[in-house]
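Single-structure report; data block below.
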Amino acid sequence: MYEKILVPTDGSETSEAAVAHAIDLAEKYEAGLHALYVVDTDSMSLTLGGEQLDRIEQGRFGEMEEVRERAERATGYVADRAAERGLETVEHISAGRPHSQIADYVDDNGIDLVVMGSHGRTGVRRALLGSVTERTLRSVRVPVLVIDED
Ligand code: ATP
Ligand code: MN
């Protein structure tokens with residue numbers, strides 16, 4: 001049923017809970033596992049200067065140590081947990097609006113299941129769903145499994 005599973009992760013505890021579900025499904029379906037972290041340019045525009053934002057939008061966030069480390073920690077967590085079960089992970093980092101980047105990644109890579117958290121790092125826990133999750137549900141045509149645990 002599922003051949004390529006994507007976990008979009010912001011490194012939050014809730015997205016880490018989603019990782020366990022994604023890995024279990026990848027194992028059962030013998031599916032490929034992909035981890036995507038999006039450097040959120042909208043939220044960063046509040047705190048970063050114009051020059052730094054330009055750099056990120058050009059995909060040159062690798063030069064910005066703190067941004068790169070956060071991204072690599074998030075996708076690396078998925079890869080480490082998967083490796084413990086003998087699975088390989090395709091890790092990817094991009095920049096833009098998270099839900100748009102997630103939808104593009106789904107289209108470009110033939111993803112047929114998305115597994116993500118109901119909440120993330122920034123949101124108010126009592127809100128029904130985080131905005132990235134809500135917008136992803138509206139933006140992709142493949143099934144999305146939403147995990148509400150932490
Ligand atoms: P909000 O961002 O609307 O204030 P929130 O942070 O609680 O609320 P979301 O951002 O929607 O909630 O996070 C829900 C899930 O979306 C996360 O568990 C993660 O799976 C995914 N996600 C959120 N941000 C990113 C991101 N920058 N890159 C990849 N995946 C993300
Ligand atoms: Mn968020």
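First listed ligand is number 1; within each ligand, the first listed atom is number 1.
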Shortest protein heavy-atom distance from atom 6 (O) of ligand 1, along with the residue and atom involved: Thr122 OG1, 2.9 Å
Can you find a side-chain donor-acceptor pair between Glu134 and His99 that sits under 3.5 Å? no
Can you tell me the protein heavy atom closest to atom 3 (O) of ligand 1 and the distance? Ser131 OG, 2.5 Å
Nearest non-hydrogen protein atom to atom 8 (O) of ligand 1, with distance, is Gly123 CA, 3.3 Å
Counting heavy atoms only, which of Glu13, Arg97, His119, Glu16 comes nearest to atom 18 (O) of ligand 1? His119
Under 3.5 Å side-chain donor-acceptor pair for Ser12 and Ser15: yes
Thr89 side chain vs Glu91 backbone, donor-acceptor pair below 3.5 Å: no
Verify, without hydrogens or angle tests, whether Ser139 (side chain) and Arg135 (backbone) share a donor-acceptor contact under 3.5 angstrom. yes
Which residue owns the protein heavy atom closest to atom 29 (C) of ligand 1, what's the atom, and how far is it? Thr9 O, 3.2 Å
Quick note on ligand 1: atoms under 4.0 Å from a heavy atom of Pro8 include exactly 19 (C), 20 (O), 21 (C), 29 (C), 30 (N)
Nearest heavy-atom contact between Leu87 and Glu27 is CD1-N, 4.0 Å
At under 4.0 Å between heavy atoms, is it the side chain or the backbone of Pro98 that contacts ligand 1, or both, or neither? side chain
Heavy-atom nearest pair, Ala22 first then Val7, reads CB-CG2, 3.4 Å
Quick one: look up the protein heavy atom nearest atom 12 (O) of ligand 1 and list residue, atom name and how far away it is. Gly120 N, 3.1 Å
Run the side-chain donor-acceptor check on residues 107-117: report pairs under 3.5 Å with partners two or more places apart or on a different chain.
from	atom 1	to	atom 2	distance (Å)
Asn109	ND2	Tyr105	O	3.0
Asp112	OD1	Glu3	N	3.1
Asp112	OD1	Lys4	N	2.9
Asp112	OD2	Glu3	N	2.8

closest protein heavy atom to atom 15 (C) of ligand 1 is Gly117 O, 3.2 Å
Looking at Thr133, which atoms of ligand 1 are within less than 4.0 Å of one of its heavy atoms? 11 (O), 14 (C), 15 (C), 16 (O)
Between Gln101 and ligand 1, which residue portion shows a heavy-atom distance shorter than 4.0 Å: side chain, backbone, both, or neither? neither
A student checking ligand 1 against Leu36 at a 4.0 Å heavy-atom cut-off should list atoms 29 (C)
Under 3.5 Å: donor-acceptor pair, side chain of Asp148, backbone of Ser118: no
heavy-atom search around atom 24 (N) of ligand 1 in the protein gives Asp10 CB, 3.5 Å
Tell me the protein heavy atom at minimum distance from atom 16 (O) of ligand 1, and give that distance in Å. Met116 CE, 3.3 Å
Kindly identify the option in Asp40, Val38, Val132, Thr75 whose heavy atom sits closest to atom 9 (P) of ligand 1. Val132
At less than 4.0 angstrom from any non-hydrogen atom of Arg121, what atoms of ligand 1 do you find? 6 (O)
Let's go through Ile56 and Met64 carefully: what are the C-alpha distance in whole Å and the side-chain angles of both, what is the deciding distance for side-chain contact (heavy atoms from CB on, under 4.5 Å) to 0.1 Å, and is it a yes or a no? CA-CA 8 Å; Ile56 289 172; Met64 300 171 67; 3.7 Å; yes
pair Thr41-Glu57: side-chain heavy atoms closer than 4.5 Å: yes
